Enquirer: 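A single structure is presented below for examination.
Computed from heavy atoms alone, side chains included, the values below leave out hydrogens, waters and symmetry copies. What you see is a predicted model, and the numbers here were worked out from it, not measured in a lab.
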Amino acid sequence: MNKNRLEAFSDGVLAIILTIMVLEIKVPEGSGWSDLCQLIPVFLSYVLSFIYIGIYWNNHHHMLHSMTHVNGKILWANLHLLFWLSLVPFATGWIGEYHFAQVPMALYGLMLLMAGTAYFILQNLIIKSQGPNSVLKKAIGQDYKGKASPILYIIGIAFSFYNVWMAGAVYTFVALMWLIPDKRIERMLDHS
């Protein structure tokens, strides 16, 4: 199978996820600044989730660009990732609507943890299918960010039951950690 079809499908799903998220932001009840200020939690949750989807889109693109072929396991692993990412609008809406309450924040962290796990599975299946000397394997190296992220998500989930702002800080930190463009795959592709 051609990897372009997989990438196009994934891009379409991610675009729909972003569209659903922005459509969930409702117009304020009134026309004053105070009415608009009530939407700050909704907007902040949207910004964080938009960044996460952008990170996944960017890294997914680079990862697929490193591939030479696609197999059935990769297709299913990609769907697994897209499943968890498709829950982002729900989790985003819930934390925004209930102003970062404990259970919504824990669910948000769980959704991030599961999406990260799904990405890790997809990445490893790609490496397995492409071989130990694949561009992706060479590019990710020790993958410290990939190993640290699940641990941080679990810490964020635990924090969500004690201090939701600390949980939010952890989730934001992980996003910022990944927001810095990861040039490893690009460098490997340029040298291959």
Side-chain angles (χ1 to χ4, degrees), residues 6-7 9-11 13-18 20-21 44-67 73-96 100 102-130 134 136-137 139-161 164-186:
L6 176 65
E7 188 171 17
F9 175 76
S10 301
D11 286 349
V13 171
L14 294 174
I16 291 168
I17 290 168
L18 291 175
I20 291 169
M21 280 189 343
L44 291 176
S45 65
Y46 170 77
V47 169
L48 181 60
S49 293
F50 188 94
I51 289 169
Y52 265 109
I53 295 297
I55 290 166
Y56 274 103
W57 175 76
N58 191 15
N59 289 329
H60 186 267
H61 167 76
H62 285 103
M63 185 168 59
L64 292 185
H65 193 66
S66 74
M67 294 173 41
K73 289 180 182 179
I74 291 171
L75 290 175
W76 282 108
N78 191 67
L79 281 175
H80 180 228
L81 171 63
L82 294 176
F83 169 78
W84 289 108
L85 292 178
S86 73
L87 295 175
V88 171
F90 171 76
T92 302
W94 203 21
I95 63 173
F100 304 95
Q102 290 178 340
V103 174
M105 285 296 281
L107 178 77
Y108 190 79
L110 180 63
M111 182 265 319
L112 292 173
L113 175 64
M114 296 309 294
T117 301
Y119 186 88
F120 178 78
I121 291 168
L122 176 60
Q123 177 179 274
N124 284 328
L125 285 172
I126 291 170
I127 290 170
K128 185 177 177 184
S129 78
Q130 309 296 297
S134 69
L136 183 59
K137 176 64 179 164
I140 64 168
Q142 295 296 314
D143 196 23
Y144 295 116
K145 290 193 295 187
K147 292 174 182 171
S149 296
I151 295 165
L152 291 169
Y153 290 141
I154 291 168
I155 291 169
I157 293 167
F159 271 138
S160 69
F161 294 106
V164 294
W165 298 111
M166 287 298 294
V170 171
Y171 301 153
T172 302
F173 175 76
V174 176
L176 292 174
M177 186 172 74
W178 283 99
L179 190 62
I180 298 167
D182 194 342
K183 300 289 187 184
R184 295 176 299 179
I185 296 175
E186 286 181 23

Enquirer: Could you walk me through whether Leu122 and His80 pass side chain to side chain contact (heavy atoms under 4.5 Å, CB included), step by step?
Expert: CA-CA 8 Å; Leu122 176 60; His80 180 228; over 6 Å; no
Enquirer: For Gly116 and Tyr56, work out which heavy atoms get closest and say how close.
Expert: N-OH, 3.1 Å
Enquirer: Determine whether Ile127 and Asn124 make a side-chain contact, defined as any pair of heavy atoms from C-beta on separated by less than 4.5 Å.
Expert: yes
Enquirer: Decide yes or no on side chain to side chain contact (heavy atoms under 4.5 Å, CB included) for Trp76 and Leu79, but give the supporting numbers first.
Expert: CA-CA 5 Å; Trp76 282 108; Leu79 281 175; 4.0 Å; yes
Enquirer: Quick one: pull up CZ in Phe50 and CD1 in Ile55 and give me the separation to the nearest 0.5 Å.
Expert: 11.0 Å
Enquirer: Looking only at heavy atoms, which two atoms of Phe161 and Gln102 are closest? And how far apart?
Expert: O-NE2, 3.1 Å
Enquirer: For the CG atom of Asn78 and the CD atom of Glu7, what is their distance to the nearest 0.5 Å?
Expert: 10.0 Å
Enquirer: Below 4.5 Å, heavy atoms only, C-beta onward: do Ile121 and Leu125 meet side chain to side chain?
Expert: yes
Enquirer: With sequence neighbours excluded, tell me which residues meet side chain to side chain contact (heavy atoms under 4.5 Å, CB included) with Ser45.
Expert: Thr92, Ile95, Phe100
Enquirer: Show me the side-chain donor-acceptor pairs of residues 167-174 shorter than 3.5 Å, one per line, residues at least two apart or across chains.
Expert:
residue	atom	partner	partner atom	Å
Tyr171	OH	Met105	O	3.0
Tyr171	OH	Gly156	O	3.4
Tyr171	OH	Ile157	N	3.4
Thr172	OG1	Gly168	O	2.7

Enquirer: Got a sec: does the CZ of Phe9 have more than 12 other heavy atoms crowding it under 6.0 Å?
Expert: no
Enquirer: If you measure from CE on Met114 to CG on Leu87, what distance do you get to the nearest 0.5 Å?
Expert: 10.0 Å
Enquirer: How long is the gap from OG on Ser160 to CD1 on Ile155, to the nearest 0.5 Å?
Expert: 12.5 Å
Enquirer: Tell me if a side-chain donor or acceptor on Asn58 pairs with a main-chain N or O of Gly54 at a distance below 3.5 Å.
Expert: no
Enquirer: Can you label the angle between the Tyr52 ring and the Tyr108 ring as parallel, tilted or perpendicular, going by 30° and 60°?
Expert: perpendicular
Enquirer: Give, for atom CD of Gln123 and atom NZ of Lys137, the distance between the pair rounded to the nearest 0.5 Å.
Expert: 9.0 Å
Enquirer: Side chains of Trp178 and Ser149: does their closest heavy-atom pair fall under 4.5 Å?
Expert: yes
Enquirer: Could I get the full list of side chain to side chain contact (heavy atoms under 4.5 Å, CB included) partners for Met67, not counting sequence neighbours?
Expert: Lys3, Leu64, Val70, Ile74, Ile126, Gln130
Enquirer: Any side-chain donor paired with an acceptor under 3.5 Å for Thr117 and Trp84?
Expert: no
Enquirer: From Ile53 CD1 over to Leu85 CG, what is the distance, rounded to the nearest 0.5 angstrom?
Expert: 4.5 Å
Enquirer: Can you find a pair of side-chain heavy atoms, one from Ser10 and one from His60, that are under 4.5 Å apart?
Expert: yes
Enquirer: For Met111 versus Ala91, what's the shortest heavy-atom pair and its separation?
Expert: CE-CB, 4.1 Å
Enquirer: Run the numbers on Ile140 and Met63 for side chain to side chain contact (heavy atoms under 4.5 Å, CB included), then give the verdict.
Expert: CA-CA 10 Å; Ile140 64 168; Met63 185 168 59; over 6 Å; no
Enquirer: Can you establish whether the number of heavy atoms outside Trp57 located under 6.0 Å from its atom CH2 is more than 12?
Expert: no
